[in-house]
Amino acid sequence: MPGTLYTVATPIGNLEDITLRALRILREVDLIACEDTRHTRKLLSHYGIAKPLISYHEHNERERAAQLISKLESGIDIALVSDAGTPLVSDPGYRLVREAIERDIAVVPIPGPSALIAALAASGLATDEFLFAGFLPSKKSARRARLAELAAIKSTLIFYEAPHRIKETLADALEALGNRECVIARELTKLHEEFTRGRLNEIELNERAMRGEIVLLIAPPDEDMVEQAEASATTIREEVEQLMRDEGLDQKAALKRVARSRRMSKSAAYKLFLEERAADDLE
Ligand code: SAM
């Protein structure tokens with residue numbers, strides 16, 4: 001019989017945040033695979049658990065996964081933990097879990113803390129739909145492009161962010177997403193836990209706010225932001241023609257309505273309308 005692979009969530013700061021089941025599994029397995037053996041040893045010794053540890057991190061994932069799979073196939077039970085929170089969530093483990101599943105090895109989750117869920121639960125932002133986007137790219141151009149891709153999504157956006165990049169990320173988010181509500185959840189479950197809330201252009205970060213571990217949450221776009229984005233995605237000509245069709249307005253009245261909704265003058269709207277029509281006729 002092959003062994004079982006347990007993915008075990010561990011605390012994200014406060015050592016009390018570990019489930020009874022997680023402690024039992026860590027006591028029962030034959031081997032614990034972890035990112036940093038010194039870090040995990042501290043957690044285990046706090047709970048009086050002595051177990052063989054083996055490192056499994058982003059730099060040895062490939063070879064280690066193969067070794068761990070053969071141990072599992074020989075009947076050894078393994079717990080996979082990361083330095084903090086739920087393994088595989090912006091942490092190593094994906095390769096190992098995929099390979100275990102391919103070989104019919106049981107993979108059993110032992111749920112517990114994850115920074116994104118803890119942050120969301122106290123953020124005060126919409127929780128019915130959210131998108132966890134992990135870490136944004138560190139390069140500015142790639143980060144802006146990623147944020148632009150996410151602009152149309154009507155859910156709360158959640159990111160992990162490094163403290164030295166948070167200021168730049170807020171500025172890029174303001175530009176790409178508009179002035180949305182946001183929350184910076186810092187040092188969750190630790191002594192200096194802190195939530196900073198406000199619009200993207202209002203957040204002021206002092207020295208302390210740029211230290212420690214951070215989850216950034218950004219609210220979905222407001223109704224009028226969505227309307228504006230939708231309006232700029234349709235041409236004036238399309239909108240005018242739609243009003244003529246749907247509401248029986250003549251062209252002049254339709255243009256007047258569109259100009260008002262786009263907060264532009266009638267003459268500017270008419271000019272754009274003619275340009276769009278000329279461009280469409282050329283196609
Ligand atoms: N697997 C972890 C989880 O389930 O949350 C995440 C690991 S990821 C490598 C580390 C990132 O998670 C940090 O850079 C930070 O963005 C976030 N994080 C972890 N612990 C946190 C905490 N106590 N407070 C705020 N953010 C935290």
Side-chain angles (χ1 to χ4, degrees), residues 119-120 123-161 165-184 196-205 215-283:
L120 180 67
S123 67
L125 301 184
T127 53
D128 51 344
E129 259 188 52
F130 60 89
L131 185 140
F132 172 58
F135 285 97
L136 282 164
S138 52
K139 269 198 169 165
K140 195 168 187 64
S141 54
R143 185 167 59 236
R144 287 185 167 188
R146 177 71 181 127
L147 285 164
E149 273 172 11
L150 297 171
I153 290 173
K154 294 175 190 161
S155 317
T156 296
L157 302 175
I158 307 180
F159 304 94
Y160 286 163
E161 190 50 288
R165 262 201 305 267
I166 186 70
K167 224 174 180 164
E168 265 189 274
T169 295
L170 291 178
D172 291 341
L174 176 61
E175 204 172 299
L177 307 175
N179 195 17
R180 300 191 193 176
E181 261 188 83
C182 80
V183 177
I184 296 173
T196 309
R197 299 180 170 88
R199 293 261 162 192
L200 279 164
N201 75 344
E202 292 165 355
I203 299 286
E204 282 181 15
L205 297 173
V215 182
L216 168 65
L217 305 98
I218 300 180
D222 302 342
E223 283 291 305
D224 59 338
M225 280 180 171
V226 174
E227 271 169 28
Q228 266 176 28
E230 280 169 0
S232 58
T234 13
T235 64
I236 290 184
R237 184 186 181 185
E238 283 165 350
E239 225 180 306
V240 165
E241 287 175 355
Q242 194 174 355
L243 282 173
M244 291 168 70
R245 243 189 348 264
D246 297 352
E247 300 192 23
L249 299 183
D250 63 18
Q251 185 179 297
K252 196 171 164 200
L255 253 170
K256 193 173 165 188
R257 174 95 68 86
V258 172
R260 199 178 329 124
S261 77
R262 294 187 180 225
R263 296 192 185 95
M264 60 201 298
S265 70
K266 275 181 287 178
S267 59
Y270 186 53
K271 190 164 169 273
L272 279 171
F273 172 80
L274 292 179
E275 282 170 9
E276 284 166 10
R277 193 162 63 184
D280 290 345
D281 290 348
L282 275 180
E283 277 176 6

Next item on the list: Only counting residues at least two apart or in another chain, list the ones meeting salt bridge (Lys or Arg N to Asp or Glu O under 4.0 Å) with Glu161.
Entry: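 Once residues adjacent in sequence are excluded, the partners of Glu161 under the salt bridge (Lys or Arg N to Asp or Glu O under 4.0 Å) criterion are Arg165.
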At their closest point, which heavy atom of [X] faces which heavy atom of [Y], and how far apart are they?
X: Ala133; Y: Arg146; result: CB-NH2, 4.2 Å
X: Leu217; Y: Ala119; result: CD1-CB, 3.9 Å
X: Arg143; Y: Ser138; result: NH1-O, 3.1 Å
X: Ser155; Y: Leu131; result: CB-N, 4.2 Å
X: Leu170; Y: Cys182; result: CD2-SG, 4.4 Å

Looking at side-chain heavy atoms only, is the closest gap between [X] and [Y] below 4.5 Å?
X: Ile166; Y: Ile203; result: no
X: Arg144; Y: Glu175; result: yes
X: Phe159; Y: Thr169; result: no
X: Leu274; Y: Arg277; result: yes
X: Leu157; Y: Leu177; result: yes

Do side-chain atoms of [X] reach the backbone of [Y] as a donor and acceptor pair under 3.5 angstrom?
X: Arg197; Y: Val183; answer: no
X: Thr156; Y: Thr127; answer: no
X: Arg199; Y: Asn179; answer: yes

Checklist line | Within 6.0 Å of CZ in Phe130, more than 12 heavy atoms from elsewhere | finding: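 No.
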Item checked: Stepwise salt bridge (charged side-chain N to carboxylate O under 4.0 Å, His left out) check, Arg245 with Glu241 -> CA-CA 6 Å; Arg245 243 189 348 264; Glu241 287 175 355; 5.1 Å; no
Checklist line | Side-chain ion pair, Glu168 and Lys140, N-O less than 4.0 Å | finding: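 Salt bridge present between Glu168 and Lys140.
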Notebook entry, point to check: Atom OH of Tyr270 and atom CD1 of Ile236: how far apart are they, to the nearest 0.5 Å?
Noted result: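 Atom-to-atom, Tyr270:OH and Ile236:CD1 are 12.5 Å apart.
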Note to self: As a test of understanding, state which of Gln251, Arg257, Lys256 forms a side chain to side chain contact (heavy atoms under 4.5 Å, CB included) with Leu243.
What the structure shows: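 Running side chain to side chain contact (heavy atoms under 4.5 Å, CB included) over Gln251, Arg257, Lys256 with Leu243 returns exactly one hit, Arg257.
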